[in-house]
Structures are given as C-alpha cells and as structure tokens.
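One structure below.
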Amino acid sequence: MNHWLVKSEPETFSIDDLARAPRRTTSWDGVRNYQARNYLRAMAAGDRCLFYHSNAAPSAVVGIVEVVGTARPDTTALDPRSPGHDPRATAAEPVWSTVDVRLVEIFPRGLPLDELRGVAALAGMELLRKGSRLSVMPVSAAQFRAVVALSRRKA
DNA sequence: GCCAACGTTGGC
DNA sequence: GCCAACGTTGGC
C-alpha cells in the first residue's frame, strides 16, 4: 500500500464538502499536471492519502481519504463548459485521469504548514519543499504515520 | 494582493 | 533544442 497527499482549495472543494458527498466519495478530477496525473495512475485501491487544504487560512493537512478503485479517464477535460476543459482531450485519448476517493477521517484538528515544518520526522517531505506545487504527491509510510500521530496530539 | 517558483508554449 | 514570455500555483 502506498501513501499520498492530495491538495484542494477549501473554497473549491473542502474536506467538509467530501463529508457531505454521497457515500462520502468523490471523483478527484481536474488534475492538469502530468506528474500529478502519473501519481494518480500509480494509485491502487486501499491507498491512503492525506487531504491538504491549500490557499487556506491556514493551509493545513485536515484528514485522510482512501483510494477506491484505479485511475480512469477524467471526462471533465472533454467538457467545453468545465474549467478543466482541455481541447486536446478526446474520448479516444482523454489525456487526463481521475480516481475516486472516500473520506476516512477528518482530523480532530488541522495540522498547519508551519507546525509540520517543525517536525523532524517530516524533514524532506515533498509538501514542505520550497516551491513545491504538485497537487498530488507521494508520502512515505513513515511520514504518513508521523502526520497521523501528530493529529492525535493536542495543540 | 504580492510575488517567487514552477510548468508550458512557441519562436527561432 | 534553447530559452523568453506567459500563465498558474500557493504561501504569506
């Protein structure tokens, strides 16, 4: 089982939105970066992802989601009215991919970036790298465990 | 809103 | 294939 981190702007889609979604499941679509797409394609059912709120106050890891199934075509790229529309995408060559994710847990408290930066076990985490912009990225099992442990601790 | 960092595009 | 221009991301 692999571990990942996925980003979403809470104004666009927050972890609370996911909690209200049918079966607490959503299609993680709209990814328009090749490296992030390749990570989506590398995901397998049962993989767990940290859910990160970007462009938030404060930006923070706020919970855990589980991958359901494997990557499939992101058909929002085919829709001219979708903000993720890509004129290069066709039904035969959809270009972009999506996976379904289900909510596992909303942390009792969010873990803001500046708190994560102070944790020795998380040194080297991709999210904390200066200039890191990927919206889907791998997380090591040890880093994942460290973040979950931190969420169990009082602020 | 500012701006640094990054990815993509396109002229050559 | 180089690289400048441009658009986007995302912390602050």
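In what follows, every chain begins at residue 1, and chains take the letters A, B, ... in the order their sequences are listed.
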So A/N2 and A/Y39, side chain to side chain contact (heavy atoms under 4.5 Å, CB included) or not? Walk me through it. CA-CA 11 Å; A/N2 290 311; A/Y39 287 140; over 6 Å; no
A/K7 side chain, from C-beta outward: closest of B/dT9, C/dG10, B/dG7: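 Of B/dT9, C/dG10, B/dG7, C/dG10 is nearest to the side chain of A/K7.
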Just the table, please: protein N/O against nucleotides 2-5 of chain B N/O, every pair under 3.5 Å.
{"residue": "B/dA5", "atom": "OP1", "partner": "A/K130", "partner atom": "NZ", "Å": "3.2"}

Tell me: [atom1] of [X] to [atom2] of [N], nearest whole Å?
X      : N      : atom1 : atom2 : answer
A/E9   : C/dC12 : CD    : P     : 15 Å
A/L128 : C/dC12 : CG    : P     : 10 Å
A/Y34  : C/dT8  : OH    : C1'   : 15 Å
A/L127 : C/dT9  : CG    : C1'   : 13 Å
A/L134 : B/dG7  : CG    : P     : 7 Å
A/L116 : C/dC12 : CG    : P     : 11 Å
A/R32  : B/dT9  : CZ    : C1'   : 18 Å
A/M137 : C/dG10 : CE    : C1'   : 11 Å

Lys/Arg-Asp/Glu bridge criterion (N-O < 4.0 Å) met for [X], [Y]:
X      : Y      : value
A/R117 : A/D114 : no
A/R72  : A/D100 : yes
A/K7   : A/E126 : no

Check whether any side-chain N or O of A/D47 sits under 3.5 Å from a backbone N or O of A/A44 as a donor-acceptor pair, and report yes or no.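 Yes, the answer is positive, given that a donor and an acceptor are paired below the 3.5 Å cut-off.
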Tell me if the aromatic rings of A/W4 and A/F51 count as close, with their centers under 6.0 Å from one another.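 Between A/F51 and A/W4, which both carry aromatic rings, the centre distance is not below 6.0 Å.
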So which heavy atom on A/H85 is nearest to which on A/A77, and how close?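 Closest pair (atom of A/H85, atom of A/A77, distance): CD2-O, 3.1 Å.
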Between CZ on residue A/R81 and OG1 on residue A/T76, distance to nearest 0.5 Å: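 Reported to 0.5 Å precision, the distance equals 12.5 Å.
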Under a 4.0 Å heavy-atom cut-off, which of residues 47-59 of chain A touch DNA chain C?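 The answer is A/Y52, A/S54, A/N55, A/S59.
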State, without any angle test, whether A/T98 and A/R37 hold a side-chain donor-acceptor pair at a distance under 3.5 Å.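 No donor-acceptor contact under 3.5 Å links the two side chains.
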